[in-house]
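Okay, structure first, notes after.
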Amino acid sequence: MTIRPDPAAGVPADLGGLIAHAPDDATGALWRLTAPARGLDSALIRLRAGAVLAEHDEAASAVLLVVVSGTGRIDTGDGPHELRPRSAVWLAGGARRSLAAGPHGMAYLTVHARQPGPGSGGPLGAGPLPAAAMPGATPGAIPAGGFSEGGETACLLHRVCPGCGRLAGESDARSCSRCGAGLPD
């Protein structure tokens with residue numbers, strides 16, 4: 001997983017540039033909002049070709065999902081929907097869905113109301129997240145030890161296998177049931 005700092009308030013993030021400059025094998029969150037006074041959580045997520053995120057929900061809040069690159073499919077209570085760049089999907093709080101990336105992978109932006117973590121010092125279950133160097137990154141936007149305050153991990157990323165993209169069904173899983181790779185701490 002590669003984490004990029006967010007820009008100062010009001011300065012747009014170059015999502016296309018983030019995707020273009022990320023290593024080819026980088027999956028998961030390529031970028032997150034990290035400003036302490038934000039009212040939203042948002043992340044740019046990249047799935048490898050053919051990756052599937054098992055059915056899940058964000059019970060606490062509605063989610064807006066916008067495809068930035070690639071193609072895929074989202075399965076919701078009203079059936080499957082094909083996704084392509086600039087597709088936007090609004091999901092009500094508690095709406096169950098699964099995602100599948102197309103043959104060239106898919107990158108999408110998620111946006112939802114900020115959900116404070118339970119005093120964990122970081123996103124729910126995520127632990128420290130390293131800041132990776134990248135052209136244009138804002139130095140110091142993410143402390144070396146990870147986030148200094150809570151926030152919900154977008155789409156349960158701490159349970160997404162970095163090897164194959166599968167979402168672990170058990171909240172305490174330590175490894176992927178499909179490929180055996182270790183899950184992020």
Side-chain angles (χ1 to χ4, degrees), residues 1-3 15 19 26-33 38-120 122-127 129 147 150-185:
M1 182 180 329
T2 306
I3 303 297
L15 301 179
I19 294 167
T27 59
L30 300 180
W31 171 87
R32 293 178 199 248
L33 282 177
R38 70 190 187 278
L40 295 173
D41 278 332
S42 184
L44 175 63
I45 311 299
R46 183 161 70 179
L47 301 176
R48 72 182 71 234
V52 175
L53 292 180
E55 187 175 82
H56 64 286
D57 65 43
E58 297 289 340
S61 64
V63 175
L64 176 66
L65 182 149
V66 180
V67 177
V68 178
S69 68
T71 60
R73 187 187 76 242
I74 186 167
D75 293 315
T76 65
D78 65 344
H81 303 278
E82 295 300 314
L83 300 173
R84 61 184 182 280
R86 295 175 296 284
S87 294
V89 180
W90 177 78
L91 299 155
R96 305 226 18 106
R97 77 285 201 156
S98 64
L99 285 167
H104 301 289
M106 180 172 64
Y108 60 93
L109 184 71
T110 63
V111 182
H112 57 86
R114 186 170 182 206
Q115 302 295 319
S120 65
L124 294 175
L129 298 170
F147 292 107
E152 182 178 24
T153 303
C155 297
L156 305 173
L157 287 174
H158 63 285
R159 291 172 34 193
V160 175
C161 174
C164 70
R166 180 178 176 87
L167 178 67
E170 306 80 31
S171 61
D172 61 347
R174 294 287 180 214
S175 62
C176 178
S177 62
R178 177 187 291 158
C179 73
L183 297 177
D185 290 331

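Reckoned from all heavy atoms, side chains included, excluding hydrogens, waters and symmetry mates. These numbers were taken from a predicted model, which means no experiment stands behind them. We're numbering straight along the sequence, starting at 1.
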For [X] and [Y], which heavy atoms make the closest approach, and how far apart are they?
| X | Y | answer |
| --- | --- | --- |
| Arg32 | Ala43 | CG-CB, 4.1 Å |
| Asp41 | Leu33 | C-CD1, 4.4 Å |
| Ser98 | Ala54 | CB-C, 3.9 Å |
| Leu109 | Leu44 | CD1-N, 4.1 Å |
| Thr110 | Ser42 | O-OG, 2.8 Å |

So how far is it from [X] [atom1] to [Y] [atom2], rounded to the nearest 0.5 Å?
| X | Y | atom1 | atom2 | value |
| --- | --- | --- | --- | --- |
| Arg48 | Thr27 | CZ | OG1 | 4.5 Å |
| Leu83 | Tyr108 | CG | OH | 10.0 Å |
| Thr76 | Glu55 | OG1 | CD | 10.0 Å |

_His104 atom NE2, neighbour heavy-atom count above 12 within 6.0 Å_ = no
_N/O donor-acceptor pair under 3.5 Å between Arg97 side chain and Ile74 backbone_ = no
*asked:* Are Ile45 and Leu53 packed together at the side-chain level, in the sense that at least one heavy-atom pair is separated by less than 4.5 angstrom?
replied: no
*Quick one: salt bridge (charged side-chain N to carboxylate O under 4.0 Å, His left out) pairs with a partner in residues 81-94, sequence neighbours left out?*
none
Side-chain donor-acceptor distances from residues 64-73 under 3.5 Å, at least two apart:
residue, atom, partner, partner atom, Å
Arg73, NE, Asp75, OD1, 3.1
Arg73, NE, Asp75, OD2, 3.1
Arg73, NH2, Asp75, OD2, 2.9

